[in-house]
Engineer: 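Below: one structure in structure tokens.
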Number of protein chains: 2
Amino acid sequence: MDNLQLAPIIIGKLLNIGGMLQRHSNRTLLPFGLNHQQFSIFFEIGKAGKVKQKDMVNRLLLEKAHVSKVVKKLHGMELITITASDEDKRSAWLAPTPKGKQILNKLRGVFKKWHKEWIEDVDDKQLNSILENLSHLQAVFEDKLLGNE
Amino acid sequence: MDNLQLAPIIIGKLLNIGGMLQRHSNRTLLPFGLNHQQFSIFFEIGKAGKVKQKDMVNRLLLEKAHVSKVVKKLHGMELITITASDEDKRSAWLAPTPKGKQILNKLRGVFKKWHKEWIEDVDDKQLNSILENLSHLQAVFEDKLLGNE
DNA sequence: CTATATAAGTATCCATGGAAACCATTTTTT
DNA sequence: AAAAAATGGTTTCCATGGATACTTATATAG
């Protein structure tokens, strides 16, 4: 088969899988009042311990307007604290509250459980090959897509 | 490294790549007044030539309410025709208009061009390995995720 | 052959997230 | 040091898409 014919198939599959995963995490997160983007922001804050909004924008490649809204929501849910920064009065530090940390732990458990489930059906060698492939693709797309923005 | 640790990394990459691709196609389709989901529905109609809404729902795994709205939009843009069906008066046949076919062709060209671009950076062997891996993952997730819906 | 269940689409509600304009502060230029 | 540019966040606007209820037509039961 011509290689160029593989391209749309691969893209199609990536979009399809991405969609399935998105819908799945949204459903999983529903009881916690979050969706998968909100969680990814929350998760980053938890991982870093102390960050600013622009860090989220850079790391997750999201719109700053969007991050701003999500931060407000997370704060409203008492999952994070927002403390003014002295160096730069335009921005503030974000950090998880104790309650936030608790919920993060719980969610980590939930996701770990389902990771265990699906990973059973993929053998070890393949797993590494998948990771390698995806890393390469990610780099290629980042290069091609973020270059012309 | 423990295999279970690979799982969240792989999921993360899939979500990340999926997101990038989505945003990219949305931007590409913007001048045509479509987004990537709308295009996928339009594309399916074009491919099939003559279909009903429920076919889209089944093939693309989208909400029927959503498909209904998109169909209305495509019709409003004069990209498809909607003709009443005799066998079943609840549903109607969808088919691309001449104008619709023209636009589909143009879009096929646009996508083909960018497929050519990124595929250059992936060698042939890897391409096949990627396809294989993604097909397997797709099957696994479909099984695990659609089973409990 | 009615009565009930199911199926195909539609209408409505509402949180989401991209885009653009905007504000306040900080940095760079001249 | 004043003017211009850049940066970090916020607000507002609006199309999107998931969820639910509803309408009409078809299929299945009793």
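Chain letters run A, B, ... following the sequence lines, proteins first, then strands; residues in each count from 1. Every value quoted in this text rests on a predicted model; they were computed, and no experiment measured them.
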Engineer: What is the ring orientation for Phe39(B) with Phe43(B), classed by angle as parallel under 30°, tilted 30 to 60°, or perpendicular over 60°?
Structural biologist: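 Taking Phe43(B) first and then Phe39(B), their aromatic rings sit tilted (interplane angle of 30° to 60°).
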
Engineer: Figure out the CD/P separation between Glu63(A) and dT7(D), and round it to whole Å.
Structural biologist: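 For the pair Glu63(A) CD and dT7(D) P, the rounded distance is 16 Å.
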
Engineer: How many Å lie between CG on Leu62(B) and C1' on dG17(D), as a whole number?
Structural biologist: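 It is 10 Å, rounded to the nearest whole Å.
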
Engineer: Indicate the atoms forming the closest heavy-atom contact of Pro96(A) with Gly46(A), along with that distance.
Structural biologist: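 For Pro96(A) versus Gly46(A), the nearest heavy atoms are CG-CA, 4.0 Å.
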
Engineer: We want to know whether Lys64(A) and Gln53(A) form a side-chain donor-acceptor pair, criterion being a heavy-atom distance below 3.5 angstrom.
Structural biologist: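 Not at all, the side chains of Lys64(A) and Gln53(A) share no donor-acceptor pair under 3.5 Å.
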
Engineer: State, without any angle test, whether Ser91(B) and Lys54(B) hold a side-chain donor-acceptor pair at a distance under 3.5 Å.
Structural biologist: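 Ser91(B) vs Lys54(B): no donor-acceptor pair found between side chains.
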
Engineer: Could you give the CG-to-P distance, from Leu61(B) to dG18(D), as a whole number of Å?
Structural biologist: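 The distance from CG of Leu61(B) to P of dG18(D) comes to 11 Å, rounded to the nearest Å.
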
Engineer: Going by heavy atoms in the side chains, are Asn16(A) and Glu142(B) under 4.5 Å from each other?
Structural biologist: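 Asn16(A) vs Glu142(B): side chains touch.
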
Engineer: Quick one: label Asn35(B) by what it contacts on the DNA or RNA (base, sugar-phosphate, nothing), any heavy atom closer than 4.0 Å.
Structural biologist: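 Counting heavy atoms under 4.0 Å across all strands, the contact made by Asn35(B) is with sugar-phosphate only.
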
Engineer: Taking heavy atoms of chain B and a 4.0 Å limit, find me the 5'-most and 3'-most nucleotide of DNA chain C within that range.
Structural biologist: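 First and last nucleotides in contact are dA7(C) to dT12(C).
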
Engineer: Roughly how many Å is it from CG in Leu34(B) to C1' in dG17(D), rounded to a whole number?
Structural biologist: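 Between C1' of dG17(D) and CG of Leu34(B): 15 Å.
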
Engineer: Quick one: does Asn128(A)'s side chain have a donor or acceptor within less than 3.5 Å of a partner on Lys125(A)'s backbone?
Structural biologist: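 No, because the side chain of Asn128(A) does not come within donor-acceptor range (under 3.5 Å) of the backbone of Lys125(A).
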
Engineer: Can you work out whether Gln53(A) or Gly33(B) has the more 5'-proximal nearest nucleotide on DNA chain D?
Structural biologist: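 Result: Gln53(A).
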
Engineer: Taking only side-chain nitrogens and oxygens of Lys64(A), does any of them come within less than 4.0 Å of OP1 or OP2 of dG9(D)?
Structural biologist: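 Lys64(A) to dG9(D) OP1/OP2: no side-chain N or O under 4.0 Å.
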
Engineer: Can you tell whether the side chains of Asp88(B) and Arg90(B) come within less than 4.0 Å, N to carboxylate O?
Structural biologist: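 Looking at Asp88(B) and Arg90(B), the cut-off is met.
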
Engineer: Quick one: sort the Trp118(B) and His115(B) rings into parallel, tilted or perpendicular, breaks at 30° and 60°.
Structural biologist: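 Aromatic pair Trp118(B)/His115(B) classed perpendicular.
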
Engineer: Does the side-chain contact (heavy atoms from CB on, under 4.5 Å) test come out yes or no for Leu94(B) and Asp55(B), once each step is laid out?
Structural biologist: CA-CA 10 Å; Leu94(B) 311 176; Asp55(B) 302 320; over 6 Å; no

Engineer: Hey, can you pull the residues of residues 68-76 of chain A with a non-hydrogen atom under 4.0 angstrom from DNA chain D?
Structural biologist: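 Under 4.0 Å from DNA chain D: Ser68(A), Lys69(A), Lys72(A).
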
Engineer: Using heavy atoms and a sub-4.0 Å distance, could you list which residues of residues 79-96 of chain B are near DNA chain D? By number, please.
Structural biologist: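 The stretch gives Glu87(B), Asp88(B), Lys89(B), Arg90(B) as the residues lying under 4.0 Å from the strand, ordered by number.
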
Engineer: Using the rule that two of Ile, Leu, Val, Met, Phe, Trp, Tyr join whenever any of their side-chain heavy atoms come within less than 4.5 Å, decide whether Leu29(B) and Val110(B) are in one cluster.
Structural biologist: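 The answer is no; the residues belong to distinct hydrophobic clusters.
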
Engineer: Just the rounded figure in Å: distance from P of dG17(D) to CZ of Arg23(A).
Structural biologist: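 The answer, rounded to whole Å, is 11 Å.
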
Engineer: Provide, to the nearest angstrom, the distance between the NZ atom belonging to Lys54(B) and the P atom belonging to dA25(D).
Structural biologist: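 One finds 17 Å between P of dA25(D) and NZ of Lys54(B), rounded.
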
Engineer: CG of Asn58(A) versus C1' of dT7(D): gap in Å, rounded?
Structural biologist: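 After rounding, the gap between these two atoms is 12 Å.
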
Engineer: Using side-chain contact (heavy atoms from CB on, under 4.5 Å), reason through Leu34(A) and Leu74(A) one step at a time and then give a plain yes or no.
Structural biologist: CA-CA 9 Å; Leu34(A) 296 171; Leu74(A) 294 175; 3.8 Å; yes

